[in-house]
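See structure below.
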Amino acid sequence: MDNYEKNWENALGELELLISKANFTTWFKNTFIAEENDGNIVVGVPNAFTKVWLEKKYDDKITSALESVLSKSNLQVIYRVESKGKSTNVSTKPVDQGIKKITPVYNSNGNSEKVINKFGLNPSYKFNSFVVGPGNELAQAAAHASAQKPGALYNPLFIYGGVGLGKTHLIQSVGNYILAKNPEKKILYINSEKFTNDFIFAIKRGQTDQFKEKYRSVDVLLIDDIQFIAGKEQTQEEFFHTFNALHQNNKQIIISSDRPPKAIQEIENRLISRFEWGMIADISFPDLETRVAILQMKAASKNYNLDQDIIHFVAANIQENIRELEGALNRIIAFHELNNTRPTLDSVKSILGGLSTNPKKAGLTSKKLLGVVAIFFDIHMDDLLGASRKKELVVPRQISMYLMREELKASYPNIGRDVGKRDHTTAMHACIKINKMLEINDKIKNDVAVLRQKIYE
Ligand code: ADP
Ligand code: MG
C-alpha cells in the first residue's frame, strides 16, 4: 500500500465515525487520493455527481480528517473526477476494499450519525422498521421471540448472514424492544472487535475485575460480528467465561456472525459448540418483494415519494445488500433535492449508472449453469447432483455451487436445494473450499475461468 492509500484509508476511518454507514458507502466508494503536494490534496472521485456532493456536503469533514491524518493545517482539498485504475494498475475497487477492511475497526455501532444510547443501541433499529421476507423470517421470528422472553427460549440465539442483510438491525431491535418494555433491564450491545479492545485495555490497566463485572452483570448481551474474535485466543477464553456466567443465570445472549459457527476458523471448539447450543438462524438475500418493501419503507421514513416503477428498477438491480439499496435511495434523493427536480426512470438510471442489468447475465439460471458444468467435465447431470463422493464428481459439484454463488448470487439454502437437495452448510463449505483452491490449484483456477465464460455463451 502506498502512502496515498494509507493516508486516505486513515482519513476514511475518521470520516466513517462522523457519518452514517449508508452515506459513507454511497459517497466514499471508489474515492482515493490522486495527488498530494504540500498544501493541496486532490481527491479522485468516480463521477461528477459525487464531486458536487462531496464539495457541498462533506468538504469540511474531509478537510479536517485529512488535516488530522497528515498533521497539517490549512489544507486545500480539491475534488476531481478520475478513476483509480488510471493512475495505478489496481482495478479491483481498492478503496472499496479499504472501506470493508476498516469498517469493523472504526465503527462498532453500525450507524454513528444517530444517537447511540448508553447500552450501545441505536434507537432507530426496531422490529417495526424491519421488513420480514423469506430470507430473514426465521431470524426475525427467533429474535422477536427472544425479545419477548429473554433467556427463556433460545439461548444463545446465533444469527448469521452476509454483509448488509440486517443482522445488526435485528439484534439491536431485541435490545430496544426489551428496554422499551422494561427500562430496568441491563442490555449491552457490542461488536466483538470492541469487546476485544475493551479486554486488552482492561488487562493493560489491571482492570480485569471491572471488565468481568461489566460483562457478566448484564441481563442481555448482544454481541455483533463474533467472527472477529477468530485467532484471538485470550479474548476467546474471556468470552467463553462471560458466556458461561450469563448462560448459567439464564441471561439472554444473542450473537451475530457473517458465517455459521462451524465455518468460523481459528475459534475454539468449545466456543463453537456453545454457539450451537441454542438456535441458529440464517439471513439470506432478500427477494424482490422484500427489497421493494424495504425501499418503500425507507423512502416513506424520509417523507420522500418515489414512483413504483423507480422503486422496482432499483430493487431489481441491487440484489445482495440492503445497505447498498439504502445507499442508492440516498443518492437518488440527494441528487433530485440538489437539483430541485423529480426523479424519473431515466434520471435514476443515470445516477445509479453501471447498475443496469447485464442482459447476458439476466438469462443465466442454475439449471443452465449445472448443464454447462456437466458438459464441461463430461459427466452426467444425475452424477453431478448425486451422492457419490468420487473426486471426479465432488470437484465439479463444488465448482457448480461456487459459480452459483458468485454468478447467480444464490443463497446457500437455494444452492443446496438445486444441487441434489443438499444442506446449506454443504453449499457454504463448497464455496469456501473452491475459494481456497483457486489460490493454490491452477487447474481449478483455469476450469473456473473457462466456465465463467461458457455459462454465458
Ligand atoms: P448487517 O449487520 O447484516 O451487515 P445491517 O443490520 O447493518 O446489516 O443492515 C444494513 C442496513 O439495511 C441497515 O440500515 C438496516 O436498517 C437495513 N436493513 C437490513 N435489513 C432490513 C430489513 N429487513 N428491513 C429494513 N431495513 C433493513
Ligand atoms: Mg452489522
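Every heavy atom of this structure was used, including side-chain atoms; hydrogens, water molecules and symmetry mates were not. Each ligand, and each atom within it, is numbered from 1 in the order the structure gives.
- Residues F211 and F195 place their aromatic rings such that the two centres sit under 6.0 Å apart.
- Taking a 6.0 Å sphere around NZ of K368, one finds it holds more than 12 heavy atoms contributed by other residues, nucleotides or ligands.
- Taking only nitrogen or oxygen atoms, main chain and side chain alike, V131 reaches within less than 3.5 Å of ligand 1.
- Between the side chains of N122 and Y189, no donor-acceptor pair of N or O atoms lies under 3.5 Å.
- Residue contacts with ligand 1 include S129, since one or more of its heavy atoms lies under 4.0 Å from the ligand.
- Closest heavy-atom approach to atom 7 (O) of ligand 1 among the candidates M297, E324, R323, H169: R323.
- Surrounding NZ of K436 are at most 12 heavy atoms belonging to other residues, nucleotides or ligands under 6.0 Å away.
- For T425, the side chain to side chain contact (heavy atoms under 4.5 Å, CB included) test picks out D423, H429, with sequence neighbours left out.
- At a 3.5 angstrom cut-off on N or O pairs, F130 does not count as close to ligand 1.
- Listed by chain and number, the residues in a side chain to side chain contact (heavy atoms under 4.5 Å, CB included) with L345 are D309, I310, F313, K349 (sequence neighbours excluded).
- Ligand-side atoms of ligand 1 in range of N136: 23 (N), range being under 4.0 angstrom from any heavy atom.
- For the pair Q172 and ligand 1, no heavy-atom separation below 4.0 Å is found.
- For ligand 1, the polar-atom distance check finds no N/O of L170 at less than 3.5 Å from any of the ligand's N/O atoms.
- E337 is linked by a side chain to side chain contact (heavy atoms under 4.5 Å, CB included) to Y304, I333, counting only residues two or more places apart in sequence or in another chain.
- Remark: R291 does not engage E324 in a salt bridge, criterion side-chain N to carboxylate O under 4.0 Å.
- In this structure, CG on N321 lies 6.5 Å from CG on L165, to the nearest 0.5 angstrom.
- Looking at D258, I171, I322, it is I322 that brings a heavy atom closest to atom 18 (N) of ligand 1.
- Checked against a 3.5 angstrom limit, the closest N/O atoms of L165 and ligand 1 fall inside it.
- Close contacts between ligand 1 and G162 involve ligand atoms 3 (O) [criterion: under 4.0 Å to a heavy atom].
- With hydrogens and angles left out, the side-chain atoms of N249 and R216 include no donor and acceptor closer than 3.5 Å.
- Counting only protein N, O or S atoms closer than 2.8 Å to the Mg ion (ligand 2) gives 1.
- Taking the six-membered ring where the residue is Trp, F158 and Y160 present tilted rings, their angle falling between 30° and 60°.
- Neither the backbone nor the side chain of D224 has any atom closer than 4.0 Å to an atom of ligand 1 (non-hydrogen atoms only).
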